[in-house]
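Down below is the structure, laid out as structure tokens.
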Amino acid sequence: QGVRLEGFGVEGVGGIGRALGHGLVQLWRCKDVVLRDLRVFDADADGLAIAESENVRVTGCLVERASKAGIYLSNCTAAVVSGNVVRDTVGHVAPDGLLVGTGILLLSNADVTCNDNTIAVGVGPGILCGSNEQQRATDGVAIVGNRIRDCVNPTNGATSSGIQLANVQFERRTHVLVASNSIRGCGQHGILVDNHDGATISGNSIEDAWMSAIVIGHARAVHV
């Protein structure tokens, strides 16, 4: 409780990751967490990983050349991810042999704001917000004012988009806001909404998508 990590750098071995679940900076089951002005380079898995924690602030951090996710929040409550820079996500080999990777991954969180971050160059997506069968559904996430460019994966196009909202489990009432983001050159779709009922997509700028600027898949009551 009361964790403060500020102003230092961590460097890993780098390269494309394989079957690794750790991060260079990893916090688990913490409360009142601040990560500020960290510099994380060459992680062979996640750069910053925070799980099952409450009242989390990740601000002003720089993550370069991570393989899985630059910044990863899982099953957290009341979190802010703001003003960070994630660059050059190199990719991670999934169990099916495909190359994956995410700039900022928000999995099964509640009451989270992800704003004013810059995600540049990676194997996509830039920001992924969703959940899986083992954890709760995402609820009350605001993705606002982020700048995302060149998050693209020619070998695995389905994983590359500027922003993806994608739940796995049946619970879809996720109440996610995606607003005022700038997305350029991010693979198949600028914004993909799938299994996210009640999402609001508003005021985003999207350029140079392979297939579609905005896609609404299996979702109801979505406001664009």
Side-chain angles (χ1 to χ4, degrees), residues 9-28 35 38-53 56 58 61-76 79 81 84-109 112 114 117-135 138 141 143 146 148-169 183 185-189 191-192 194 210:
V10 182
E11 186 172 358
V13 300
I16 293 175
R18 295 178 183 273
L20 301 173
H22 61 275
L24 283 187
V25 178
Q26 186 172 32
L27 299 174
W28 181 47
L35 277 65
L38 302 185
R39 301 172 308 284
V40 179
F41 306 112
D42 298 302
D44 58 349
D46 303 312
L48 305 175
I50 304 102
E52 298 182 28
S53 297
V56 177
V58 182
C61 296
L62 170 65
V63 182
E64 292 188 344
R65 298 179 301 279
S67 77
K68 288 183 76 176
I71 300 172
Y72 178 22
L73 263 66
S74 174
N75 203 16
C76 292
V81 179
N84 304 285
V85 176
V86 178
R87 290 197 291 246
D88 298 326
T89 303
V90 298
H92 193 89
V93 179
D96 59 7
L98 295 175
L99 190 67
V100 299
T102 307
I104 296 177
L105 175 56
L106 307 172
L107 183 69
S108 298
N109 301 292
V112 171
C114 177
N117 301 285
T118 297
I119 301 103
V121 186
V123 295
I127 298 174
L128 173 59
C129 175
S131 53
N132 57 29
E133 298 98 331
Q134 287 77 41
Q135 294 178 309
T138 295
V141 174
I143 300 171
N146 301 282
I148 306 168
R149 66 173 179 85
D150 299 323
C151 293
V152 58
N153 188 341
T155 67
N156 190 8
T159 69
S160 60
S161 296
I163 297 173
Q164 281 193 3
L165 309 182
N167 284 334
V168 173
Q169 82 269 58
I183 300 167
C186 289
Q188 285 190 345
H189 313 301
I191 298 172
L192 170 64
D194 198 31
W210 291 348

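Being a predicted model, the structure only gives us computed values, none of them experimental.
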Residues 95-105, side-chain donor-acceptor partners within the protein, below 3.5 Å, at least two apart:
unit_1 : atom_1 : unit_2 : atom_2 : d
Asp96  : OD1    : Leu98  : N      : 3.0

Atom pair [atom1]/[atom2] of [X] and [Y] - distance to nearest 0.5 Å:
{"X": "Gln26", "Y": "Ile50", "atom1": "CD", "atom2": "CD1", "answer": "9.5 Å"}
{"X": "Cys151", "Y": "Ile127", "atom1": "SG", "atom2": "CD1", "answer": "9.0 Å"}
{"X": "Ile71", "Y": "Cys114", "atom1": "CD1", "atom2": "SG", "answer": "8.0 Å"}
{"X": "Ile163", "Y": "Ile148", "atom1": "CD1", "atom2": "CD1", "answer": "4.0 Å"}
{"X": "Arg149", "Y": "Ile119", "atom1": "CZ", "atom2": "CD1", "answer": "11.0 Å"}
{"X": "Gln188", "Y": "Thr159", "atom1": "CD", "atom2": "OG1", "answer": "8.0 Å"}

[Y] backbone acceptor or donor facing [X] side chain under 3.5 Å:
{"X": "Asp46", "Y": "Ala69", "result": "yes"}
{"X": "Asn84", "Y": "Val58", "result": "yes"}
{"X": "Asn75", "Y": "Gln135", "result": "no"}
{"X": "Ser160", "Y": "Cys186", "result": "no"}
{"X": "Asn117", "Y": "Val81", "result": "yes"}

With a 4.5 Å cut-off on side-chain heavy atoms, are [Y] and [X] touching?
{"X": "Ser53", "Y": "Cys76", "answer": "yes"}
{"X": "Leu24", "Y": "Phe41", "answer": "no"}
{"X": "Val56", "Y": "Leu27", "answer": "no"}
{"X": "Thr118", "Y": "Arg87", "answer": "no"}

Could you verify whether a donor N or O on one side chain and an acceptor N or O on the other, from His92 and Ser67, lie under 3.5 Å apart?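 Yes - a donor-acceptor pair under 3.5 Å links their side chains.
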Under a 4.0 Å N-O cut-off, is there an ion pair linking Arg65 with Asp88?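 Not counted as a salt bridge, because no side-chain N and carboxylate O are separated by less than 4.0 Å.
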Quick one: which of Leu48, Val85, Val25 gives a side chain to side chain contact (heavy atoms under 4.5 Å, CB included) with Cys61?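 The side chain to side chain contact (heavy atoms under 4.5 Å, CB included) with Cys61 is passed solely by Leu48 among Leu48, Val85, Val25.
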